[in-house]
Amino acid sequence: MTQETTTLTGQSPPPVRDWPALDLDGPEFDPVLAELMREGPLTRVRLPHGEGWAWLATRYDDVKAITNDPRFGRAEVTRRQVTRLAPHFKPRPGSLAFADQPDHNRLRRAVAGAFTVGATKRLRPRAQEILDGLVDGVLAEGPPADLVERVLEPFPIAVVSEVMGVPAADRERVHSWTRQIISTSGGAEAAERAKQGLYGWITETVRARAGSADGDVYSMLGAAVGRGEVGETEAVGLAGPLQIGGEAVTHNVGQMLYLLLTRPELMARMRERPEARGTALDELLRWISHRTSVGLARIALEDVEVHGVRIAAGDPVYVSYLAANRDPDVFPDPDRIDLDRDPNPHLAYGNGHHFCTGAVLARMQTELLVDTLLERLPGLRLAVPADQVAWRRKTMIRGPRTLPCAW
């Protein structure tokens with residue numbers, strides 16, 4: 001499909017910029033995205049896979065406007081080979097990520113009760129118990145320890161299994177599939193086999209809970225299918241990303257800890273003022289580059305004007321939450337980490353009806369991880385020089401692959 005465009009003022013459109021998937025060592029901001037921000041507010045990009053080009057919005061106000069505008073939809077993306085970061089594109093029916101209204105609310109309603117503030121508050125003591133058990137093991141064996149392998153990866157996987165309602169007898173198997181799916185090793189074939197195993201298990205579990213009145217996600221989905229509110233295929237497609245969803249917590253907290261361990265002034269501030277850690281965590285969430293390039297596209301469902309540019313019906317559009325979180329009009333001195341920044345209306349969990357379903361759960365886990373590790377490991381430090389910390393490669397979610405620590 002040929003894409004043509006003109007600005008409303010008759011000027012030439014911005015050139016199409018190739019945006020490679022950079023493997024960055026450390027929390028450095030993507031230099032290509034930084035250039036695109038300077039060239040903005042709207043640029044055009046070509047990502048490593050898919051076809052054609054897409055608009056990219058980087059300003060905070062534009063990102064919020066586009067993600068709240070029903071004239072930009074996700075469902076149409078599933079029928080197109082839009083330029084994208086991922087080499088493989090197999091969206092499943094029921095995926096919240098590609099649902100437009102009113103389907104999005106219908107699907108989200110089926111599981112919303114498991115991710116409320118109240119549900120998360122009730123889960124917190126159990127989550128703390130899980131985390132304490134992991135840290136007990138680290139302390140018992142002594143330093144050094146890879147905190148990614150020993151704590152940051154297993155903790156979110158275990159907590160998500162509590163929320164989802166994975167039976168104890170199945171957890172080892174489900175956790176193995178989840179680890180393989182999110183791993184950077186093993187290749188596409190191993191990840192695909194793990195997905196087939198996981199989604200087959202999810203299908204059986206949802207069917208088995210058709211008459212359940214329990215409060216876990218699989219019971220909620222089984223009951224919703226039984227009432228005819230969602231289809232079985234939709235329920236399975238909805239559940240999969242939720243089951244795998246601890247990945248962001250693992251790598252976001254990995255980046256946070258790396259920053260604290262390599263910038264003594266940040267660590268000192270966190271230890272000296274534990275009562276103000278909430279504000280500090282918001283700033284770290286704003287600052288870290290949690291993903292490579294951009295996430296999922298939207299399609300303009302009609303002609304839309306943004307900054308004097310006509311985005312034509314059918315044009316794909318990306319927004320960058322990472323760029324929005326560095327907008328100097330909203331965040332003064334945006335490249336500086338200011339742990340006392342207030343207000344801090346960051347978009348780390350997204351915006352609009354695609355705001356992260358598990359945001360409250362993710363925030364709770366982030367708080368527990370940071371508080372528990374700082375309090376129980378008062379001498380926490382890197383066990384290797386900072387430049388020897390290995391970072392994830394060829395991945396959509398950025399973070400340290402290992403975090404060898406001593407205390």
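- Electrostatic pairing of E162 and R171 counts as a salt bridge here, judged by a charged N lying under 4.0 Å from a carboxylate O.
- In this structure, the side chain of H307 does not engage the main chain of V309 through any donor-acceptor pair within 3.5 Å.
- A salt bridge is defined here as a Lys NZ or Arg NE, NH1 or NH2 lying under 4.0 Å from an Asp or Glu carboxylate O, and R392 with D23 fails to meet this definition.
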Decide salt bridge (Lys or Arg N to Asp or Glu O under 4.0 Å) for R341 and D282; before the verdict, give the C-alpha distance in whole Å, the side-chain angles of both, and the deciding distance to 0.1 Å. CA-CA 9 Å; R341 190 183 295 273; D282 276 319; over 6 Å; no

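- Between R59 and D329 there is no salt bridge, since no side-chain nitrogen of the basic residue lies less than 4.0 Å from a carboxylate oxygen of the acidic one.
- Under 4.0 Å is where a charged nitrogen must lie from a carboxylate oxygen, and between R227 and E229 at least one such pair does.
- Under the 3.5 Å distance criterion, with hydrogens and angles disregarded, a donor-acceptor pair is assigned to the side chains of T372 and Q128.
- Between R273 and E275 there is a salt bridge, with a side-chain nitrogen of the basic residue lying less than 4.0 Å from a carboxylate oxygen of the acidic one.
- Side chain of Y60 to main chain of P345: a donor-acceptor pair is present (N/O by atom type, distance under 3.5 Å, no hydrogens or angles).
- S219 and D216 share a donor-acceptor pair across their side chains, judged by distance under 3.5 Å alone.
- Stacking of R401 on the aromatic ring of W391 is not recorded, the 6.0 Å distance cut-off and the 45° axial limit not both being met.
- Under the side chain to side chain contact (heavy atoms under 4.5 Å, CB included) rule, Y318 has a single partner from V82, L85, L296, which is V82.
- Not a single donor-acceptor pair under 3.5 Å links the side chain of T292 to the backbone N or O of A21.
- We find that D100 and R74 are not joined by a salt bridge, their nearest charged nitrogen and carboxylate oxygen being 4.0 Å or further apart.
- With salt bridges taken as basic N to acidic carboxylate O contacts below 4.0 Å, one links D335 and R326.
- Looking only at atom types and distance, the side chain of H49 has no donor-acceptor partner in the side chain of T83 under 3.5 Å away.
- Using modelled atom types, one side-chain atom of N325 and one backbone atom of L347 make a donor-acceptor pair closer than 3.5 Å.
- Side-chain atoms of D30 come within 3.5 Å of backbone atoms of V32 as a donor-acceptor pair (strictly under, hydrogens ignored).
- Checked for salt-bridge contact, D61 and K64 miss the test: no charged N lies under 4.0 Å from a carboxylate O.
- The side-chain heavy atoms of M256 and W287, taken from C-beta on, include no pair separated by under 4.5 Å.
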Go through Y349 and Y321 one step at a time and tell me if the ring-ring contact (aromatic ring centres under 6.0 Å, His included) criterion holds. CA-CA 9 Å; Y349 292 121; Y321 293 122; over 10 Å; no

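- Ion pairing of E234 with R106 is present here, as a side-chain N (NZ or NE/NH1/NH2) and a carboxylate O approach within less than 4.0 Å.
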Determine, stepwise, if the pair W55 / F72 fulfils ring-ring contact (aromatic ring centres under 6.0 Å, His included). CA-CA 12 Å; W55 293 103; F72 296 97; over 10 Å; no

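- Put simply, the side chain of S289 never gets that close to the backbone of R291: no donor and acceptor are under 3.5 Å apart.
- Two residues are said to be in side-chain contact when any heavy atoms from C-beta on lie closer than 4.5 Å; F155 and V249 fail this criterion.
- A donor-acceptor contact closer than 3.5 angstrom links the side chains of Y218 and Q243.
- Judged by distance alone, with hydrogens and angles left aside, the side-chain atoms of D315 form a donor-acceptor pair with the main-chain N or O of A312 at under 3.5 Å.
- Within the 4.5 Å cutoff, no side-chain heavy atoms of P27 are placed close to those of I288.
- Here CD of Q255 is found 10.0 Å from NE2 of H251. Values are rounded to the nearest 0.5 Å.
- A donor-acceptor contact shorter than 3.5 Å is absent between the side chain of R209 and the backbone of D214.
- Counting only heavy atoms from C-beta outward, the side chains of D25 and R393 approach each other to under 4.5 Å.
- Under 4.0 Å is where a charged nitrogen must lie from a carboxylate oxygen, and between R310 and E305 no such pair does.
- With N351 contributing its side chain and T67 its backbone, the two residues share no donor-acceptor pair below 3.5 Å.
- A cation-pi contact links R286 to F331, judged by a cut-off of 6.0 Å to the six-membered ring centre and 45° from its axis.
- Counting only N and O atoms by type, the side chains of H353 and N105 include no donor and acceptor under 3.5 Å apart.
- Taking 4.0 Å as the cut-off between side-chain N and carboxylate O, E367 and R363 count as a salt-bridged pair.
- Between R298 and E76 no salt bridge is recorded (no basic side-chain N to carboxylate O distance below 4.0 Å).
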Quick one: do E265 and R336 satisfy salt bridge (Lys or Arg N to Asp or Glu O under 4.0 Å)? Show the steps, please. CA-CA 13 Å; E265 73 282 3; R336 182 171 71 92; over 6 Å; no

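- The pair E129-R124 fails the salt-bridge criterion, with no side-chain N (NZ, NE, NH1 or NH2) lying under 4.0 Å from an Asp/Glu carboxylate O.
- Taking the side chain as every heavy atom from C-beta outward, L123 and L361 approach each other to under 4.5 Å.
- Counting only distance, with no hydrogens or angles, the side chain of R80 and the backbone of G314 share a donor-acceptor pair below 3.5 Å.
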